There are 4 protein chains.
Amino acid sequence: MKKREVQASVKDERLVKKRRDQMIKGAVTLFIQKGFHRTTTREIAKAAGFSIGTLYEYIRTKEDVLYLVCDSIYDQVSERLQKDLDTNRGTIESLRMGIADYFRVVDEMQDEVLVMYQEVKSLSKDALPYVLKKEIEMVEMFEQIITGCVENKELDLPEAQIKMIAHNIFVQGQMWAFRRWSLKKLYSIEDYINLQTELLFQGIKSPVYNESNV
Amino acid sequence: MKKREVQASVKDERLVKKRRDQMIKGAVTLFIQKGFHRTTTREIAKAAGFSIGTLYEYIRTKEDVLYLVCDSIYDQVSERLQKDLDTNRGTIESLRMGIADYFRVVDEMQDEVLVMYQEVKSLSKDALPYVLKKEIEMVEMFEQIITGCVENKELDLPEAQIKMIAHNIFVQGQMWAFRRWSLKKLYSIEDYINLQTELLFQGIKSPVYNESNV
Amino acid sequence: MKKREVQASVKDERLVKKRRDQMIKGAVTLFIQKGFHRTTTREIAKAAGFSIGTLYEYIRTKEDVLYLVCDSIYDQVSERLQKDLDTNRGTIESLRMGIADYFRVVDEMQDEVLVMYQEVKSLSKDALPYVLKKEIEMVEMFEQIITGCVENKELDLPEAQIKMIAHNIFVQGQMWAFRRWSLKKLYSIEDYINLQTELLFQGIKSPVYNESNV
Amino acid sequence: MKKREVQASVKDERLVKKRRDQMIKGAVTLFIQKGFHRTTTREIAKAAGFSIGTLYEYIRTKEDVLYLVCDSIYDQVSERLQKDLDTNRGTIESLRMGIADYFRVVDEMQDEVLVMYQEVKSLSKDALPYVLKKEIEMVEMFEQIITGCVENKELDLPEAQIKMIAHNIFVQGQMWAFRRWSLKKLYSIEDYINLQTELLFQGIKSPVYNESNV
DNA sequence: GATGAATGAGTCTTCATTCAT
DNA sequence: CATGAATGAAGACTCATTCAT
């Protein structure tokens, strides 16, 4: 699926990219503070450093800004993930690393992830699929790593479990952002990584079962 | 923490309850369709079956409607949970049942959970704590069940893990609502319950480790 | 000119009078605080001690309340004046006394006078003449006293001056109410009475002219 | 005391002045017809010749319009007075001229004076002092002229009388506007000036006292 | 390309008035 | 007679979008 085109009146591609980057940066800050709906286009223009007129030279509607923001955040997150995941394919270690890396990316981009997470639903039916596609791709990245482990016989998991685990990992990453008001009181990001990884690999340890193993 | 009072001009408590129930019911439907911000007070009044003037006899601001909606949904969900969780305390079975029940409640109230989930952030700083409190209470309910199992020696888990698991269960329940566009293609609600429970209790089975256990 | 009839649904005349008196009393207080337009009918009803439904049993529109209030205030003021002015007709002393009494009435009813004074203009074209009539009558009372003095040869004034003086006295009375924020810093009510009376009777003393008179 | 700043979104000062002048002009007409409260912002915008949106580019609230109107009227009146009063300082003639000029200004700006006079009380506690200050200044202008005469030995008056006379003059000017429904039937503006001046300078002539002077 | 003044549809909220109980 | 819930017209104000300069 190709990117959704956001129309600009200005022709100079380089300029379009530059202006949009300014715009995204300003908008993220504002969306974090007050949400998409409570942020005005004027505020976005001001935060971006240009006039309302100029803003509309690079987008068609306010919603375009939201799309651009979401798109940009996903791009950044998945770009960083991609890099990490290209190494050590098929080993349990690569899965551990993948999870840790993903959680750390989320930690670093907390605000952005939160925004994207809370405002996607404000995208029109038109733009939504493009953003959802990105999310699916990220889940698939985890799926591939896990599948690699299974193919390498490092893990033994049925298809249904693979997908479930991929979803869980993805959501647990987001969870670090959107439940931070609660989680940060309990864990550091490294604690969080360790605990979630441990639970993932070992499940809940029942002393009864353990005893019977002896 | 006491409930936040939403002021009504009308004195008759019974009527206030009745009208607010109408209002909540209509509002949920609308919020699902278009979100809080894109829904107008007139639409809410109409959906509730009365005039805009009457709407404002029972609330002070539009945000009150959102608060009422969130409050009502949490109440319904946690009321159902409470009922289930009072039996079989301290056994692994009660934990299994608790999870299954919670996931089924979420399934039945998908729309409501989704709404609440996506719109809480639109609550003012004033009302937010009251709603967040509800969420914390629900996580604590799971914590208590798990703690019960630990006290009964049915499980052996450190404090940090108990809390982590409680959060995970809570989020995995919500996840069924907010990722349904993706999950429903893969699993029925019962599949989902079984898979998540299995993963929770056993973790990822690694053939390598199993062999080494022999 | 007869009083303007304000229609009431209730038949019992005595009750109508009683309820309207309650209403007027409450309304004056409110009008003083916030003005006619910023006062709601609900507030008036509450201040009067009965329900909004009952309020409308005794008036037809909100404006009726204003009319009733203005009418009542004028009645009180002119009733008190009338009493005083019936004695000592035709003497300068009666004029002095009339002025002093009028100013004192205004002082005692400052709030009421102020309200009436500021809100008459909010009366509809329909009710205005009835209230203005009252004002004219009051000016005429002063006219009569002065005319009495002229007829008694206590004063020697042409018609035009008589009317002018009557107006001046009337306005100087009101002035004590509507410029009190300024005048009270300078004078007590008795100072005010003395000064205004003195100026009225003697005008500005010019030493130059006095000398030339010698 | 500095002027209260009324915030505008538009930066161009010249334009702000121009638009506000249009706005004031339109608003005065409307306020005269129906009063401040019964005039809608849409009507003001229309009367000013632009859209409601544009109106709000130049003010923040409806009350700002009222403040602007009051401020402008006082400015016009006192500007005209100031000009006149700079000449012939300290002579009785300058006082006569000042009164005549002031009354004539009021006559020319009857509507404006009336509006300001009736609506000031609708200003918020915030804006009121700024307008009241203007009124005080105008009274002080008369005070200064009179004081000048006293210093020049053209008049012999105690402090308390000077202030009282200044207030009287000021109120008699306004009176020409707010009692015009009554006064115009009796006098032309020139009659009014002559009569009031005469009364001011000579007081009521009592034939008895005159005889005793001989 | 950039600017920002102008636009007006749309939104929340108030409040005088009615009428069934 | 008294009550107060219901009504909806009306009003202040916002803000995405356009377009002339």
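This is a predicted model, so every value here is computed, not measured. First the proteins, then the strands, lettered A, B, ... as listed; each starts at 1.
Following rounding to the nearest Å, A/I59 (CD1) and F/dT17 (P) show an atom-to-atom distance of 7 Å. For A/M23 and E/dA2, the CE to P distance is 11 Å, given to the nearest whole Å. Across the protein-nucleic acid pair, B/E43 atom CD and E/dG10 atom C1' stand 11 Å apart, rounded to whole Å. If you take NZ of C/K18 and C1' of F/dA2, they are 13 Å apart, rounded to a whole angstrom. As rounded to whole Å, 13 Å separates atom P of F/dG4 from atom CZ of C/F50. If you measure from atom CG of B/L55 to atom P of E/dC15, you get 16 Å, rounded to the nearest angstrom. Rounded to whole Å, the distance from CG on D/L30 to P on F/dG11 is 13 Å. B/D12 has its CG atom 10 Å from the C1' atom of F/dG4, to the nearest Å.
Figure legend: cation-pi geometry between C/K62 and C/Y56 absent, as NZ or CZ is not positioned both under 6.0 Å from the six-membered ring centre and within 45° of its axis.
Looking at D/D75 and D/K134, a side-chain N of the basic residue comes within less than 4.0 Å of a carboxylate O on the acidic one, giving a salt bridge. Using a 4.0 Å cut-off between a side-chain N of Lys or Arg and a carboxylate O of Asp or Glu, A/D64 and A/R4 qualify as a salt bridge.
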Restricting to nitrogen or oxygen on both sides, can you table the protein-nucleotides 14-16 of chain F pairs closer than 3.5 Å?
| unit_1 | atom_1 | unit_2 | atom_2 | d |
| --- | --- | --- | --- | --- |
| F/dA16 | OP1 | A/K62 | NZ | 3.2 |
| F/dA16 | OP2 | A/T41 | N | 2.7 |
| F/dA16 | OP2 | A/T41 | OG1 | 2.9 |

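Applying the salt bridge (Lys or Arg N to Asp or Glu O under 4.0 Å) test to residues at least two apart or on different chains, the pairs with a partner in residues 23-40 of chain C are C/K34-C/E43.
Remark on DNA chain F: of its neighbouring residues C/Y58 and A/E63, the 5'-side contact belongs to C/Y58, judged by nearest-heavy-atom nucleotide. Map D/L15 and A/R19 each onto its nearest nucleotide of DNA chain E; the residue landing nearer the 5' end is A/R19.
Around NZ of B/K121, the count of heavy atoms belonging to other residues, nucleotides or ligands within 6.0 Å exceeds 12. A 6.0 Å sphere centred on CZ of C/R60 holds more than 12 heavy atoms belonging to other residues, nucleotides or ligands.
Results of the side chain to side chain donor-acceptor pair (under 3.5 Å) test with D/D21 over D/K18, D/K17, D/R19 single out D/K17 as the only residue that passes.
Counting heavy atoms from C-beta on, the side chains of A/V115 and A/D111 never come closer than 4.5 Å.
Listed candidates were E/dG8, F/dA2, E/dG1. Nearest to the side chain of A/K11 is E/dG1.
In this model, a donor atom of one side chain and an acceptor atom of the other lie less than 3.5 Å apart for A/S72 and A/Q76.
Looking at DNA chain F, the stems built from 3 or more consecutive Watson-Crick or G-U wobble pairs, each pair with its key distances under 3.5 Å, are E:2-21 with F:2-21.
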